[in-house]
Amino acid sequence: MDNKLIEQIKKLKAERDAVILAHNYQPGEIQDLADFCGDSLGLSIQASQTDAEVIVFCGVQFMAETAAILSPEKTVLLPEKFAGCPMADMITAEQLRQLKKENPDALVVCYVNSSAEVKAESDYCCTSANAVEVVNSLPEGKRILFVPDQHLGQFAAERTGRKLVLWPGYCPTHVLITTDDIKAARAKYPDAIVMTHPECTEPVKELSDELLSTGQMLKFAAKSKAKRFIIATEIGIIHTLKKQNPEAEFFPASDRAICPNMKKITIDKVIGSLENMQYKVTVPDTIRIEAKKALDRMVEILPEK
Ligand code: 13P
Ligand code: SF4
């Protein structure tokens, strides 16, 4: 990246007392300029612990909302107003209230990829890094509703042996990865380990070696003796995988696995965000207080891997 731009961002950050958080699916140059880059769980923990007054969130709407819920005294900025998550939009608070009415004794676990309103209607939040631990922590025999990602829900059900009521949401980017993609990549790189995100479909997961959140993929690659990896998730993470493991090779399972919303953030928009303090993400107190309970329970339950 241009040194002038780096200096400009540094100066603006100091003036605003800002920290830049970025998700592992962000464009490479955004990951490089961030103070902290990570998966949804890591970013939530950072957002709840930072001393900075301003959080510039390079990710999508629900991530910035999560930061605003966990740190209401801070100003949270999303550099691109329309960076949303289509999966999060697949369930509304009204739909969840209806589902709860139909299952009056159930507990609700919502994936962090959900709106603040949906979190406020949920008992527990989870990320792909701790969904298994969150479900395992719930009382035996209790009915559990899992929203909105059916594929993460299915993964948690299989790993815990619990029966979950799954909402039929999905990530439009992860479902683009097919079994043919995995078979073709394996044929090309037979010695490679296939690391797959739980948001992928069940047949794809069955053909994989490791099912991991993006943060867990980074940890796994750092510890592994393997030198080749096939990556079945949004391709943005390959930037950091390569950077942290220069001696290893990483191949995307599919070049189509690109989240258009994650790629809306640019360096110019980060600068604009700091200069103009835009776009502020806030959550009304009535929703925030309820949503925070579900998020607090999530941040407390750490993954084993
Ligand atoms: P993680 O980085 O938590 O694995 O999240 C994946 C994702 O799809 C975020 O939108
Ligand atoms: Fe949402 Fe999928 Fe994009 Fe993540 S990768 S932000 S789940 S659409």
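Worth knowing before you read on, the calculation uses all heavy atoms, side chains too, and leaves out hydrogens, waters and symmetry mates. Note that ligands are numbered from 1 as they come in the structure, with each ligand's atoms numbered from 1 the same way.
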A.B. asks: Could you check if a side-chain atom of V19 sits within less than 4.5 angstrom of a side-chain atom of V56, using non-hydrogen atoms only?
C.D. replies: no

A.B. asks: A side-chain contact here means heavy atoms from C-beta on lying under 4.5 Å apart; do L218 and N24 qualify?
C.D. replies: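 A side-chain contact under 4.5 Å exists here.
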
A.B. asks: Which residue holds the protein heavy atom closest to atom 4 (O) of ligand 1, what is that atom called, and what is the gap in Å?
C.D. replies: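 Sorting protein heavy atoms by distance from atom 4 (O) of ligand 1 puts H197 NE2, 2.7 Å first.
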
A.B. asks: Taking E7 for the side chain and K4 for the main chain, is one N or O donor matched with an acceptor at less than 3.5 Å?
C.D. replies: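 Here the side-chain-to-backbone pair does not exist.
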
A.B. asks: Considering only NZ, NE, NH1 and NH2 on the basic side and carboxylate oxygens on the acidic side, decide whether K74 and D51 come within less than 4.0 Å.
C.D. replies: no

A.B. asks: I'd like to know if D105 and K142 make a salt bridge, using a cut-off of under 4.0 Å between side-chain N and carboxylate O.
C.D. replies: no

A.B. asks: Looking only at protein heavy atoms, identify the closest one to atom 8 (O) of ligand 1 and say how far it is in Å.
C.D. replies: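 Result: E199 OE2, 2.9 Å.
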
A.B. asks: For ligand 1, which atoms, with element, lie under 4.0 Å from some heavy atom of S213?
C.D. replies: 4 (O)

A.B. asks: Check each heavy atom of N113 against ligand 1 and say whether those closer than 4.0 Å belong to the side chain, the backbone, both or neither.
C.D. replies: side chain

A.B. asks: Given side chains that start at C-beta, do those of I287 and D285 come closer than 4.5 Å, heavy atoms only?
C.D. replies: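 The answer is no; the side chains never approach within 4.5 Å.
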
A.B. asks: Looking at H151, E199, Q150, H174, which hits side-chain contact (heavy atoms from CB on, under 4.5 Å) with M87?
C.D. replies: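 That would be E199; it is the only one of H151, E199, Q150, H174 passing the side-chain contact (heavy atoms from CB on, under 4.5 Å) with M87.
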
A.B. asks: Please list, in number order, the atoms of ligand 1 under 4.0 Å from a heavy atom of H23.
C.D. replies: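 Result: 1 (P), 2 (O), 5 (O), 9 (C).
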
A.B. asks: Looking at ligand 1, does N24 have a heavy atom less than 4.0 Å from it?
C.D. replies: no

A.B. asks: Less than 4.5 Å apart, side chain to side chain, heavy atoms only: is that true for F146 and C110?
C.D. replies: no

A.B. asks: Using a 4.0 Å heavy-atom threshold (strictly under), name the region of M63 that reaches ligand 1: side chain, backbone, both or neither.
C.D. replies: side chain

A.B. asks: Would S128 count as a contact of ligand 1 if the rule is a heavy atom under 4.0 Å away?
C.D. replies: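 Within the 4.0 Å threshold, so yes.
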
A.B. asks: Before signing off on this row, confirm whether T214 and ligand 1 have an N or O atom pair separated by under 3.5 Å.
C.D. replies: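 By distance alone, the answer is yes.
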
A.B. asks: Do the ring centers of Y189 and F251 come within less than 6.0 Å of each other?
C.D. replies: yes

A.B. asks: Okay, side chain of D39, backbone of T214: is any donor-acceptor separation there less than 3.5 Å?
C.D. replies: no

A.B. asks: So which protein heavy atom does atom 5 (O) of ligand 1 come closest to, and at what separation?
C.D. replies: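 Heavy-atom neighbour on the protein nearest atom 5 (O) of ligand 1: S40 OG, 3.5 Å.
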
A.B. asks: At distances under 2.8 Å, what protein N, O or S atoms surround atom 2 (Fe) of ligand 2?
C.D. replies: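 Counting only protein N, O or S atoms under 2.8 Å from atom 2 (Fe) of ligand 2, the list reads C171 SG.
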
A.B. asks: Just to check, does Q216 reach to within less than 4.0 Å of ligand 1 when the distance is taken from its heavy atoms?
C.D. replies: no

A.B. asks: Tell me the side chain to side chain donor-acceptor pair (under 3.5 Å) pairs involving residues 160-173, sequence neighbours left out?
C.D. replies: none

